[in-house]
Novice: 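Okay, here's the structure, questions in a sec.
Here is how names work: the chains are called A, B, and so on, in the same order as the sequence lines, proteins then strands, and each is numbered from 1. Values below: every heavy atom of this structure, side chains too, minus hydrogens, waters and symmetry copies.
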Amino acid sequence: MGYWLIKSEPFKYPFSKLVEDGKTTWDGVRNFEARNNLRAMKKGDYALYYHSNEGKEIVGVARVSRAAYQDPTTTEDWSVVDFEPVKALAQPVTLAAIREMPKLKDMALLKKSRLSVGPVTKPEFDAILRSSKTKL
DNA sequence: GCCAACGTTGGC
DNA sequence: GCCAACGTTGGC
């Protein structure tokens with residue numbers, strides 16, 4: 001089981017929209033490292049859903065419903081993954097709160113702030129859920 | 001293969 | 001809206 005963190009700007013595609021849609025295709029990734037992370041995802045993997053710019057907080061959990069395949073919006077070598085919503089966090093976890101937790105200081109989110117699709121370890125994932133008062 | 005220029009992301 | 005960080009591109 002893998003754990004990930006995906007970023008979206010809320011005005012573009014907020015978590016609430018994913019809940020509404022039931023599923024979405026994560027396209028538009030144009031960064032090699034992010035693409036490789038997409039390709040490493042397996043169906044059933046969990047992803048923390050982070051709102052960048054506005055909010056700057058993790059607001060929900062999504063799950064990979066279809067593993068990586070060719071990005072249909074381009075003929076170049078990029079990949080997409082399909083996500084379905086799992087649940088919204090009872091309490092969002094802000095970037096500031098993440099920074100304050102010693103356990104989370106090594107998160108890819110902090111270390112590589114510009115990476116839009118990054119890995120999360122199981123302990124990190126659990127710590128985020130705990131602090132959000134959410135159980136899957 | 002280096003590195004300057006450029007574009008984009010994302011926090012503030 | 002600004003700007004720092006950083007990935008990518010392209011000239012040499």
Novice: Categorize A:Arg99 for me: base, sugar-phosphate, or nothing, with a 4.0 angstrom heavy-atom threshold over every strand shown.
Specialist: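 Sugar-phosphate: the residue A:Arg99, judged by heavy atoms under 4.0 Å, touches backbone atoms but no base.
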Novice: When you measure from every atom of DNA chain B, which of residues 110-121 of chain A have a heavy atom less than 4.0 Å away?
Specialist: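 Hits under 4.0 Å, by residue number: A:Ser113, A:Arg114.
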Novice: Taking atom types as modelled and ignoring hydrogens, do the side chains of A:Asp21 and A:Tyr13 form a donor-acceptor contact shorter than 3.5 angstrom?
Specialist: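 Checked: A:Asp21/A:Tyr13 side chains pair up, N/O donor to acceptor below 3.5 Å.
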Novice: Side chains of A:Asp45 and A:Trp4: do they bring a donor and an acceptor to under 3.5 Å?
Specialist: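 Short answer, yes.
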Novice: Without hydrogens or angle criteria, can the side chains of A:Thr25 and A:Asp82 be said to hold a donor-acceptor pair below 3.5 Å?
Specialist: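 On atom types as modelled, these side chains qualify, holding a pair under 3.5 Å.
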Novice: For A:Phe83 and A:Ala47, work out which heavy atoms get closest and say how close.
Specialist: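 Nearest pair, atom of A:Phe83 first, then A:Ala47: CE2-CB, 3.8 Å.
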Novice: Using a 4.0 Å heavy-atom cut-off, does A:Asn31 contact any base of the nucleic acid, only the sugar-phosphate backbone, or nothing at all?
Specialist: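 A:Asn31: backbone/sugar contact only, no base atoms under 4.0 Å.
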Novice: Suppose the criterion is salt bridge (Lys or Arg N to Asp or Glu O under 4.0 Å): which pairs have a residue in residues 64-80 of chain A, not counting sequence neighbours?
Specialist: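 Output for this query lists A:Arg30-A:Asp71, A:Arg35-A:Asp77, A:Arg39-A:Asp77.
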Novice: Could you pull out all residues at least two apart from A:Lys112 that satisfy side chain to side chain contact (heavy atoms under 4.5 Å, CB included)?
Specialist: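 Partners of A:Lys112 by the side chain to side chain contact (heavy atoms under 4.5 Å, CB included) criterion, ordered by chain and then number, come out as A:Glu33, A:Leu115.
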Novice: Walking along DNA chain C from 5' to 3', note the first and the last nucleotide with an atom under 4.0 Å from a heavy atom of chain A, and give both.
Specialist: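 Reading along DNA chain C, I get C:dA5 to C:dT8.
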Novice: Less than 3.5 Å apart, which donor and acceptor atoms pair up between the side chains of residues 91-109 of chain A and the rest of the protein, not counting sequence neighbours?
Specialist:
unit_1   : atom_1 : unit_2   : atom_2 : d
A:Thr94  : OG1    : A:Ala97  : N      : 3.0
A:Asp106 : OD1    : A:Lys111 : NZ     : 3.0

Novice: Between side-chain atoms of residues 129-136 of chain A and protein atoms elsewhere (two or more places apart, or another chain), which donor-acceptor pairs fall under 3.5 Å?
Specialist:
unit_1   : atom_1 : unit_2   : atom_2 : d
A:Ser132 : OG     : A:Ile128 : O      : 3.4
A:Ser132 : OG     : A:Leu129 : O      : 2.7
A:Ser132 : OG     : A:Thr134 : N      : 3.4
A:Ser132 : OG     : A:Thr134 : OG1    : 2.9
A:Thr134 : OG1    : A:Ala90  : N      : 2.9
A:Thr134 : OG1    : A:Ser132 : O      : 3.0

